[in-house]
Amino acid sequence: MSVNAAAAQALDDIAKMMDLLGEESFKAIAHSRASRLVGDMGEDVSTLDKKALMAIPGIGAKIADKIIEFCTTGRMREHEELAARVPPGLLALMNVPNLGPKTLRTLWQEGGITDAASLEKAIADGSILTLPRMGAKSVEKIRQSLEFAKTSGERLWLGRAWALAAEIVDRMRAHQGVAKAEAAGSLRRGKETVGDLDVLVCLKKGANAAEVSEWFRASPGVTQVLAAGESKSSVRVALNHDTGRWKLEGKEGEAKAGPSIQVDLRVLPVESWGSGLMYFTGSKEHNIRLRERALAQGMTLNEWGLFPEDDEKTPPQSRGVKPVASATEEEIYATLGLAWTPPEAREDRGELDHKGAWRLVEVGDIKAELHAHTTASDGTMSIEQLASAAKARGFHTIAVTDHSRSSAIANGLDEKRLAAHVKAVHAAKVPGITILAGSEVDILADGRLDYDDEVLAGLDVVVASPHAALSQDSAAATSRLIKAISNPSVHILGHPTGRLLNKRKGLEPDMKALIEAAVAHDVALEINAHWMRLDLRDVHVRLAVEAGCKIAINCDTHEPRDMDNLRFGVMTGRRGWLTPELCINCWEEKKLHAWLKKKRK
DNA sequence: ATGGATGTCCATGCCGCCAGCATTGGCGG
């Protein structure tokens, strides 16, 4: 775990333990906010001194001290003091849905429950029913949540969630009572993994909400119905893990055991489409900022619309109050004096201070794929098939970058095979697209590249990527990657950390140093669009964009369907506020080729 | 615990919905 992630975890634990102990809620909120700030930070938090930490809104002297203590000693005294007062099993239960701090505190203080085992026992023998607010329905809900928490430890990959969400949304749109349907939540924000799916449906005039909800609950793959209201339903849908070219040991068997994902449906009238979408898209923190802003302007915002504030207790829509805006996201943001905010930027990372209209990279901007494999190494397509597929996407350029010799498992090319392959690539012709000959050259553990410099200098495009020695320490990783960036023939640093989501954490280089080197040597950092990689990750893209570092978004195409992953790479770029100007795949042909050739003089 | 207005104090994280056992606490975007 990176220092940032570890420090964020410690701060979040502190916040949760404070909640469990019933301490002043603002203290817990402050720690929870600080946890998010540290976790979202692109640069290594240990490189910041107290002054720099305190310059971040939300981090004051006390928390800055705790962060510094953690970076220098690896511990936080306060964390240990709290941990001595809160049973560890209780903290773990905070991750179980339907178990919040207050519920757990009651279970602990009044029922002597300290962990999952004692909770299960209290449910089994019925003793839990004697505790306050513990009726049969609540207990059954908790029982199911506990069961679910056992089988599903991990969040689902964006790419897998996307396919499932598309099926459900299509099904909902097929119902005659449905005017509009869309997947919202963290999926719409393009988060690299999602915990559940949120589907918003708006009804045609006169349509029956209960009937539409029933249609939803009868979707194929539903294994369990958790809630069955007229306008709100929750179900679990079975997952089958198809992870493509990565065979995940254990995962396939596990799939038969029945991992599933929760899918929530909300039904609203069609007039509330915009406000409903904003509510269900989140993030929670973004929603809070928007609602604060609405209040400051004499309005109140909920999923039904943006209303004039009237200090009444009951919700305005229930009193027939007309909203100021509700039908589209654009009009609601506009009424609040804001530009429409891209869903990917709705994370309370300063997006409400953004000046003017947003113009982030879009799928339609991408005009080149600069990292692709053919049958020469581990791809499934010939050079011509690959180029035709790229042409069909409207690209002006495709770079053939098969693996280098050290990637033996991927049938990497030695220098002799490479020379022949380059000839074949240059001889290949597909009308309307330029085919470039390149390589995805391995970055060896010490930062040397897998081909000699003169070989690399003879290629049109060089993508340098780490594939092995991915558990080396941070300092070694930093110097390794910077050495690769410094090679004058390298254009792109491919999947810079080598991480695989839910599988391996990959390298943890000093990102700030890496980005500085990339800027100095005019190397683009890749966002690998495969949903198991999404590497660079969002916060590092943001850091790179702020530094003016060029970014490449590549599908790392091995087979035709890989090009469909482009949207995930683009969403990751948008989460890092990436503009088309900084994304080399968006450049027109002349500009891109001139940039590539600059390294060949 | 933080940040902003003062010079030490004060306000601060929105909203709707649900179950419960009754007027509120907890959840989740």
Side-chain angles (χ1 to χ4, degrees), chain A residues 11 14-15 18-19 22-37 53-67 78 94 96-107 129 131-142 145 184-189 191 194-200 226-234 262 264-268 272 275-297 299-307 309 312-318 336 343 346-348 352:
Chain A
L11 288 167
I14 289 177
M18 283 175 163
D19 274 338
E23 295 193 5
E24 179 68 59
S25 70
F26 290 110
K27 285 172 75 173
I29 287 169
H31 283 87
S32 161
R33 175 142 190 250
S35 165
R36 201 166 53 85
L37 288 166
L53 285 168
M54 286 181 66
I56 300 166
I59 296 181
K62 296 245 181 81
I63 289 181
D65 282 339
K66 287 174 210 178
I67 293 170
E78 185 171 12
M94 286 284 282
V96 177
N98 297 308
L99 290 179
K102 302 280 173 66
T103 305
L104 284 171
R105 183 171 158 76
T106 308
L107 292 175
L129 292 165
L131 298 172
R133 303 202 154 269
M134 284 297 141
K137 274 191 133 169
S138 299
V139 170
E140 177 55 19
K141 224 175 179 178
I142 292 170
S145 297
S186 52
L187 180 97
R188 184 168 179 244
R189 301 201 308 278
K191 263 192 99 147
V194 303
D196 64 4
L197 299 180
D198 298 294
V199 177
L200 174 66
L226 304 169
E230 187 174 318
S231 65
K232 181 179 168 180
S233 294
S234 289
Q262 182 168 329
D264 296 328
L265 176 82
R266 303 298 291 260
V267 182
L268 285 169
S272 296
S275 46
L277 210 45
M278 284 170 70
Y279 170 63
F280 295 121
T281 299
S283 65
K284 176 186 169 189
E285 290 76 14
H286 177 83
N287 285 350
I288 288 172
R289 297 288 163 241
L290 282 181
R291 288 169 183 211
E292 282 174 345
R293 196 179 170 99
L295 281 181
Q297 297 179 15
M299 295 177 281
T300 179
L301 176 63
N302 62 34
E303 64 263 45
W304 296 82
L306 180 62
F307 297 89
E309 173 65 49
E312 294 285 330
K313 285 226 167 76
T314 54
Q317 68 278 0
S318 67
L336 292 169
R346 300 181 193 175
E347 296 288 351
D348 188 26
L352 297 194

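Nothing here was measured: the structure is a model prediction, and the numbers come from that model.
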Between [N] and [X], is there an OP1 or OP2 to side-chain N/O distance shorter than 4.0 Å?
| X | N | result |
| --- | --- | --- |
| A:S138 | B:dG20 | yes |
| A:K102 | B:dG25 | no |
| A:T300 | B:dC15 | yes |
| A:W304 | B:dC17 | yes |
| A:K62 | B:dA1 | yes |

Tell whether A:R33 reaches the base of B:dT2 with its side chain through a donor-acceptor pair below 3.5 angstrom.
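For A:R33, whose side chain was compared with the base of B:dT2, there is no donor-acceptor pair (under 3.5 Å).
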Looking for any heavy atom pair under 4.0 Å, which part of the strands does [X] touch: base, sugar-phosphate only, or nothing?
| X | result |
| --- | --- |
| A:I59 | sugar-phosphate |
| A:L99 | sugar-phosphate |
| A:Y279 | base |
| A:D196 | sugar-phosphate |
| A:N98 | sugar-phosphate |
| A:E303 | sugar-phosphate |
| A:I14 | nothing |

Could you tell me whether a side-chain N or O of [X] sits under 3.5 Å from a main-chain N or O of [Y], the two making a donor and an acceptor?
| X | Y | answer |
| --- | --- | --- |
| A:N302 | A:G305 | yes |
| A:S145 | A:K141 | yes |
| A:R266 | A:G276 | no |
| A:R189 | A:T281 | yes |
| A:N287 | A:Y279 | yes |
| A:S283 | A:R346 | yes |

Taking any strand in view, what nucleotide pairs with B:dA11 in a Watson-Crick or G-U wobble way, both distances under 3.5 Å?
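B:dT2 - that is the nucleotide pairing with B:dA11, both distances being under 3.5 Å.
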Is there a Watson-Crick or G-U wobble partner for B:dT23 with both distances under 3.5 Å, and if so, which one is it?
none
Please test A:R133 against A:T106 for side-chain contact (heavy atoms from CB on, under 4.5 Å), starting from the C-alpha separation and ending with a verdict.
CA-CA 9 Å; A:R133 303 202 154 269; A:T106 308; over 6 Å; no
Round to the nearest Å and state the distance from [X] atom [atom1] to [N] atom [atom2].
| X | N | atom1 | atom2 | answer |
| --- | --- | --- | --- | --- |
| A:R188 | B:dG29 | CZ | C1' | 13 Å |
| A:H31 | B:dT12 | NE2 | C1' | 16 Å |
| A:L301 | B:dG29 | CG | P | 17 Å |
| A:N302 | B:dC14 | CG | P | 14 Å |
| A:R266 | B:dC15 | CZ | P | 16 Å |
| A:I63 | B:dT2 | CD1 | P | 4 Å |
| A:L265 | B:dG29 | CG | C1' | 15 Å |
| A:L200 | B:dG29 | CG | P | 14 Å |

When the nearest nucleotide of DNA chain B is assigned to A:K137 and to A:I288 on a heavy-atom basis, which residue is associated with the more 5' position?
A:I288
If you pin A:D348 and A:P316 to their nearest nucleotides in DNA chain B, which one's is more 5'?
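Closest to the 5' end, via its nearest nucleotide, is A:D348.
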Whole-Å [atom1] distance, [N] and [M]:
| N | M | atom1 | answer |
| --- | --- | --- | --- |
| B:dT23 | B:dC18 | C1' | 14 Å |
| B:dG20 | B:dG25 | C1' | 10 Å |
| B:dT8 | B:dG16 | C1' | 38 Å |
| B:dT6 | B:dA11 | C1' | 14 Å |
| B:dG13 | B:dG26 | C1' | 15 Å |

Taking only the side-chain heavy atoms of [X] (C-beta and beyond), determine which of [options] contains the nearest atom.
| X | options | result |
| --- | --- | --- |
| A:T103 | B:dG26, B:dG13, B:dG3 | B:dG26 |
| A:K284 | B:dC14, B:dT24, B:dG16 | B:dC14 |
| A:E309 | B:dA1, B:dG13, B:dC15 | B:dC15 |
| A:N287 | B:dG16, B:dA1, B:dG29 | B:dG29 |

Is the ring of A:F26 stacked on the base of B:dT2, with centres less than 5.5 Å apart and planes under 30° off?
no
Is the shortest side-chain N to carboxylate O distance from A:E140 to A:K137 below 4.0 Å?
no
